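Working notes for the structure below.
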Amino acid sequence: MSVRSAVAGQQGFDDAMEAKIADFERSDLPERIKVALRLADAWLSAPGQISGTLRAQVREHYTPAQVTEMVLSVWKWSQNKMMTSLGMA
């Protein structure tokens, strides 16, 4: 088990939450969380093609500072995956 997984478990992340996130659009997660997950998915797959609809949803639920923090966190963790896979982290 990774340190990240252990900490997540201590903070309440469990198999049920993992299942909700895996299929978040059909889950009972709050809309605010679904919007954050949509943003993360869009940022990781095609950041230059984020739709106007998603932008509006993000603005409805988050401040510009919160959006900046989310996007930088997603970017940071996605870069870490690359470095880990190359054995450089």
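All of these numbers come straight from a predicted model, not from anything done at the bench.
- Heavy-atom minimum distance, Ala36 versus Met70: CB-SD, 3.7 Å.
- Not a single donor-acceptor pair under 3.5 Å links the side chain of Arg38 to the backbone N or O of Leu54.
- Both Val35 and Val67 are members of a single hydrophobic cluster when ILVMFWY side chains are connected at heavy-atom separations under 4.5 Å.
- A distance of 9.5 Å separates CD in Glu31 from CZ in Phe24, rounded to the nearest 0.5 Å.
- Atom NE2 in His61 sits 12.0 Å away from atom CG in Leu39 (nearest 0.5 Å).
- Residues Glu25 and Leu37 have side chains not in contact (no heavy-atom distance under 4.5 Å, counting atoms from C-beta outward).
- In this structure, Ile21 and Met17 have side chains that are in contact, with non-hydrogen atoms separated by less than 4.5 Å.
- In the hydrophobic clustering of this structure, Trp75 groups with Ile50; members are Ile, Leu, Val, Met, Phe, Trp, Tyr whose side-chain heavy atoms approach within less than 4.5 Å, directly or through other members.
- A donor-acceptor pair under 3.5 Å is formed between the side chain of Gln66 and the backbone N or O of Thr63.
- Contact between Tyr62 and Arg32 at its shortest, heavy atoms only, is OH-O, 2.6 Å.
- No more than 12 heavy-atom neighbours from other residues, nucleotides or ligands sit within 6.0 angstrom of CG on Asp15.
- When all heavy atoms of Leu29 and Lys34 are compared, the pair lying nearest together is O-CE, 3.3 Å.
- Val74 is not connected to Ile33 by any chain of hydrophobic side-chain contacts under 4.5 Å among Ile, Leu, Val, Met, Phe, Trp and Tyr, and they are in different clusters.
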